[in-house]
Amino acid sequence: MTDESAVKELRLVVTAEDYDAALRFYRDVLGLTERAAFASDGGRVTILEAGRATLELTDPNHAAFIDDVEVGRRVAGHVRVAFQVDDSAAVTERLAAAGAEVVAEPTRTPWNSLNSRLEAPAALQLTLFTELDGQGLSFGSGRL
């Protein structure tokens with residue numbers, strides 16, 4: 001492989017039973033920017049910008065550790081969407097007011113971020129995180 005990655009964009013595709021409610025929540029309340037929208041016979045899709053994308057892979061033991069830190073118990077399925085925001089406490093309140101269920105209020109993590117957990121439209125579990133000042137804490141051989 002060359003220095004330039006063959007992958008140009010990560011796009012998470014979510015099928016929402018209540019498309020209009022999900023679009024209002026993620027675009028109008030969370031504030032994701034609409035890049036494009038398309039329609040087919042009886043169907044619609046909207047592509048929303050979510051800043052930089054990464055794919056975070058974890059094994060079941062570490063996923064359980066993250067849930068324990070953020071929520072206090074194992075709650076996530078095999079997919080959880082995390083959004084970095086400037087103020088996770090304020091965004092948590094805003095999303096809760098728009099109908100998201102707060103699973104866990106913002107909590108300072110061992111990796112030095114302030115994380116909250118919500119159940120949101122389109123059956124997505126969200127982590128909102130704000131990076132705090134400093135380098136974070138180290139666990140084992142790497143920074144978390």
message = Does Phe65 form a side-chain contact (heavy atoms from CB on, under 4.5 Å) with Thr58? I'd like the steps, not just the answer.
response = CA-CA 10 Å; Phe65 172 73; Thr58 184; over 6 Å; no
Pair Ser88-Thr92, side chain to side chain donor-acceptor pair (under 3.5 Å): steps then yes or no = CA-CA 6 Å; Ser88 56; Thr92 298; 5.5 Å; no
inquiry  = Does this structure show an ion pair linking Glu49 with Arg27, if we count only N-O contacts that are shorter than 4.0 Å?
reply    = no
Could you grab the distance from atom [atom1] of [X] to atom [atom2] of [Y], nearest 0.5 Å is fine?
X	Y	atom1	atom2	answer
Phe25	Leu95	CZ	CG	4.0 Å
Leu57	Asp59	CG	CG	10.5 Å
Leu114	Asp87	CG	CG	8.0 Å
Leu48	Leu23	CG	CG	6.0 Å
Tyr19	Arg44	OH	CZ	5.5 Å
Tyr26	Glu34	OH	CD	16.0 Å

inquiry  = Can you list everything that forms a side chain to side chain donor-acceptor pair (under 3.5 Å) with Arg24? Sequence neighbours excluded, please.
reply    = none
query = Are Val85 and Val102 joined in one hydrophobic group, where the rule is that I, L, V, M, F, W and Y side chains link up if heavy atoms are under 4.5 Å apart?
reply = yes
message = Tell me every residue that passes side-chain contact (heavy atoms from CB on, under 4.5 Å) with Ala64, counting only those two or more places apart in sequence or in another chain.
response = Arg74
Could you check if a side-chain atom of [X] sits within less than 4.5 angstrom of a side-chain atom of [Y], using non-hydrogen atoms only?
X	Y	answer
Leu124	Leu118	no
Thr127	Ser116	no
Leu30	Val91	yes
Arg73	Asp67	no
Arg117	Leu126	no
Phe129	Thr109	no
Thr54	Arg52	yes

Criterion side-chain contact (heavy atoms from CB on, under 4.5 Å) on Ile66 and Arg80, from CA distance to verdict = CA-CA 11 Å; Ile66 293 169; Arg80 176 177 47 85; 3.7 Å; yes
query = Taking all atoms of both residues into account, what is the closest heavy-atom pair of Ala89 and Pro106, and its distance?
reply = CA-CG, 3.6 Å
ask   = What are the two closest non-hydrogen atoms of Val14 and Ala122, and how far apart are they?
value = CG1-CB, 3.6 Å
task = Decide side-chain contact (heavy atoms from CB on, under 4.5 Å) for Arg94 and Val29; before the verdict, give the C-alpha distance in whole Å, the side-chain angles of both, and the deciding distance to 0.1 Å.
result = CA-CA 7 Å; Arg94 189 169 76 232; Val29 180; 3.9 Å; yes
request  = Go through the steps for Ile47 and Arg11 under the test side-chain contact (heavy atoms from CB on, under 4.5 Å), then give the verdict.
outcome  = CA-CA 9 Å; Ile47 300 168; Arg11 188 172 292 179; 3.3 Å; yes
query = So which pairs with a foot in residues 95-108 pass side-chain hydrogen bond (donor to acceptor under 3.5 Å, both in side chains), sequence neighbours left out?
reply = Arg108-Asn112
